[in-house]
Number of protein chains: 2
Amino acid sequence: MDAWTEVLQDTGMDPRLDRDTSNCSIARTLEIVGEKWTILILREVWYGSSRFGDFERVLGCPRNLLATRLRMLVEEGILATETYKEPGSRSRPKYVITAKGMDLVPAVMGLLEWGDRYRADPEGPAVLARHRECGAHVDVQIRCERGHAVQAEEIESVPGPAFRMRPAG
Amino acid sequence: MDAWTEVLQDTGMDPRLDRDTSNCSIARTLEIVGEKWTILILREVWYGSSRFGDFERVLGCPRNLLATRLRMLVEEGILATETYKEPGSRSRPKYVITAKGMDLVPAVMGLLEWGDRYRADPEGPAVLARHRECGAHVDVQIRCERGHAVQAEEIESVPGPAFRMRPAG
DNA sequence: CGGCTGAGTATCTATAAGTAAACCCAAACT
DNA sequence: AGTTTGGGTTTACTTATAGATACTCAGCCG
C-alpha cells in the first residue's frame with residue numbers, strides 16, 4: 001500500500017481521486033504564469049528587454065494584453081518597475097526582474113530543454129544557456145537532498161502537510 | 001560587448017529585439033503544454049490516474065476539453081493509450097505516460113517548487129516529492145556540465161545554431 | 001430486450017484573446 | 001505654440017477557447 005492509499009483506507013473515498021486539488025502548487029503557479037504571453041514576457045526580460053516598446057516589438061503581442069500582463073507581474077512581485085532616462089527624454093518606466101521572478105528560471109529552463117530536445121530546428125536550438133564563469137552548458141537536473149541525481153521515474157509523490165480531501169457532496 | 005550584440009553589429013538591427021522568436025523552444029513547448037488543463041492532466045498521470053473518468057472526477061474539467069487534450073497528448077507522443085478490463089466489463093482505453101512525457105517532469109517540478117515557496121498554504125505543500133530509494137526530498141537544480149550548481153543569475157543566454165533574425169519589413 | 005456503465009460527441013453559451021485603430025498624457029524639442 | 005515620443009488606455013469587432021449540458025455508442029448483464 002502506498003502513501004496515498006494509507007491516508008484514508010477506512011473511508012469509501014480514494015485519496016487520488018477525491019482529494020482537494022485547490023491547493024496544488026502546480027495549479028497555483030499556473031494561475032499566475034499560465035496565461036498566454038506571460039512566460040514569453042519573462043523570457044524577454046531574461047534576454048535583456050525591459051521597456052514596454054521592447055516587449056511589443058519582439059513579441060508582437062497586443063498592447064492591451066501586454067499592459068495587463070506587465071501590471072499583473074508587478075502586482076505579484078515577479079517584476080518591479082524602475083525608471084530610466086534617455087538623454088533628451090523624460091523619465092520613463094522600465095521593468096526589471098525580482099528574486100521571486102528569478103526563482104521561475106528552473107521551471108522555464110525545463111520547458112526550454114524539452115523544446116530543445118523534441119521540437120528544435122534541424123540545426124539545433126535558437127538559444128544556448130551557459131555558465132557565465134566557465135562557459136559550460138547548463139541544464140536542469142533533479143537531485144535528492146543527499147546529492148544523488150534522480151531520474152523522474154524514481155520520484156515518489158506523497159501527501160504533504162496541507163493535504164486534504166475534497167468536501168464530500 | 002555580449003554574445004547577442006556581436007551577432008549583428010554592423011546592421012541597424014538589434015538582435016535582442018529583431019531576432020526571429022518563432023523557433024524558440026520555450027514557445028514551442030508552450031504550444032503543446034500551455035493550454036489550460038494540459039499540465040494538470042499530466043500531474044494526475046504522475047499521481048496515478050489513467051482513465052478518462054479519473055481525470056474528470058479529480059480535475060472537474062469539462063469532458064469535451066478533456067477528450068481534446070488527451071487526444072492531443074497522445075498525438076504528440078506524451079501519453080499512449082493501452083486497454084484495461086475490469087471483470088464483467090468490456091475493454092476500455094487508459095492513458096499511460098511515455099518517456100517523452102516523463103521528460104516534462106523537470107519543468108513541472110520547477111512550477112511545483114515555485115508554488116510551494118510562494119503560494120503554499122500556511123501548513124506547507126499539499127504534496128511532497130521524494131526519492132523512492134532513500135526517501136529524501138528531491139528538488140530541481142541548475143548545473144553546468146562541470147557539475148557546478150549554478151544560480152539563475154550566473155546563466156548567460158547566447159545565440160545558438162538556429163538563431164536567426166526576423167525577415168525585415 | 002432493456003437498462004447500466006465508461007468513454008466519449010455534439011451543441012450551445014460565456015469568457016478570453018487577437019486585431020486594429022483612435023486617443024491621452026507629459027516632457028522635451030523646434 | 002505646436003510637434004514628437006514612449007508608454008500606455010479605450011473602444012469596437014472578430015475569433016478562439018472554456019464551460020455546461022445533453023446525447024451517443026458499444027458492450028455486459030439480467
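Within every chain, numbering begins at 1; the chains are lettered A, B, ... in the order of the sequence lines, protein sequences first and strands thereafter.
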Roughly, in whole Å, what's the span from [atom1] in [X] to [atom2] in [N]?
X: B:Leu66; N: C:dT9; atom1: CG; atom2: P; value: 11 Å
X: B:Lys85; N: D:dG27; atom1: NZ; atom2: C1'; value: 10 Å
X: A:Lys94; N: D:dG7; atom1: NZ; atom2: P; value: 12 Å
X: B:Glu82; N: C:dG6; atom1: CD; atom2: C1'; value: 18 Å
X: B:Arg57; N: C:dG8; atom1: CZ; atom2: P; value: 17 Å
X: A:Tyr84; N: C:dA27; atom1: OH; atom2: C1'; value: 13 Å
X: A:Leu65; N: D:dG7; atom1: CG; atom2: P; value: 18 Å
X: B:Phe52; N: C:dT5; atom1: CZ; atom2: P; value: 17 Å

Indicate whether OP1 or OP2 belonging to C:dA7 is found under 4.0 Å from a side-chain N or O atom of B:Arg71.
-> no
Contact class for A:Tyr95 vs. all strands (heavy atom < 4.0 Å): base, sugar-phosphate, or nothing?
-> sugar-phosphate
Name every residue in residues 14-46 of chain B that has at least one heavy atom under 4.0 Å from any atom of DNA chain C, in order of residue number, or write none if there are no such residues.
-> none
Run the side-chain hydrogen bond (donor to acceptor under 3.5 Å, both in side chains) check on A:Glu156 and B:His131 step by step: do they pass?
-> CA-CA 6 Å; A:Glu156 180 179 37; B:His131 193 182; over 6 Å; no
Look at the side chain of A:Arg19 and the backbone N and O of A:Arg16, then say whether any donor-acceptor pair between them is shorter than 3.5 Å.
-> yes
Counting only distance, no hydrogens or angles, is the base of C:dT11 paired donor-acceptor with the side chain of B:Asn64 under 3.5 Å?
-> yes
Side-chain-base donor-acceptor pair under 3.5 Å for B:Arg51 and C:dA7 |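 Checked by distance alone, the answer is no.
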Can you tell which of D:dT9, C:dT9, D:dG7 lies closest to the side chain of A:Ala67?
->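 Comparing D:dT9, C:dT9, D:dG7 against the side chain of A:Ala67, the answer is D:dT9.
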Nucleotide nearest B:Arg90 when distance is taken to its side chain, options C:dA17, D:dT17, D:dA26 |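 Selected nucleotide: D:dA26.
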Nearest nucleotide by nearest heavy atom, which residue falls closer to the 5' end of DNA chain C, A:Arg69 or A:Arg92?
->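 Its nearest nucleotide lies further toward 5', so the answer is A:Arg69.
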Going from CG on B:Leu59 to CG on B:Asp54, what distance comes out if it is rounded to the nearest 0.5 angstrom?
-> 10.0 Å
Going through the distances and angles, do B:Glu76 and A:Tyr118 end up as a side-chain contact (heavy atoms from CB on, under 4.5 Å)?
-> CA-CA 10 Å; B:Glu76 293 293 335; A:Tyr118 293 108; over 6 Å; no
Measure up the B:Trp4 and B:Phe163 rings against each other and bin them: parallel (under 30°), tilted (30 to 60°), perpendicular (over 60°).
-> perpendicular
Checking ring pair (Phe, Tyr, Trp, His ring centres under 6.0 Å) for the pair B:Phe55/B:Trp37: CA distance, chi angles, key distance, verdict?
-> CA-CA 10 Å; B:Phe55 301 124; B:Trp37 299 112; over 10 Å; no
Using a cut-off of 6.0 Å, state whether more than 12 heavy atoms not belonging to A:Arg117 lie near its atom CZ.
-> no
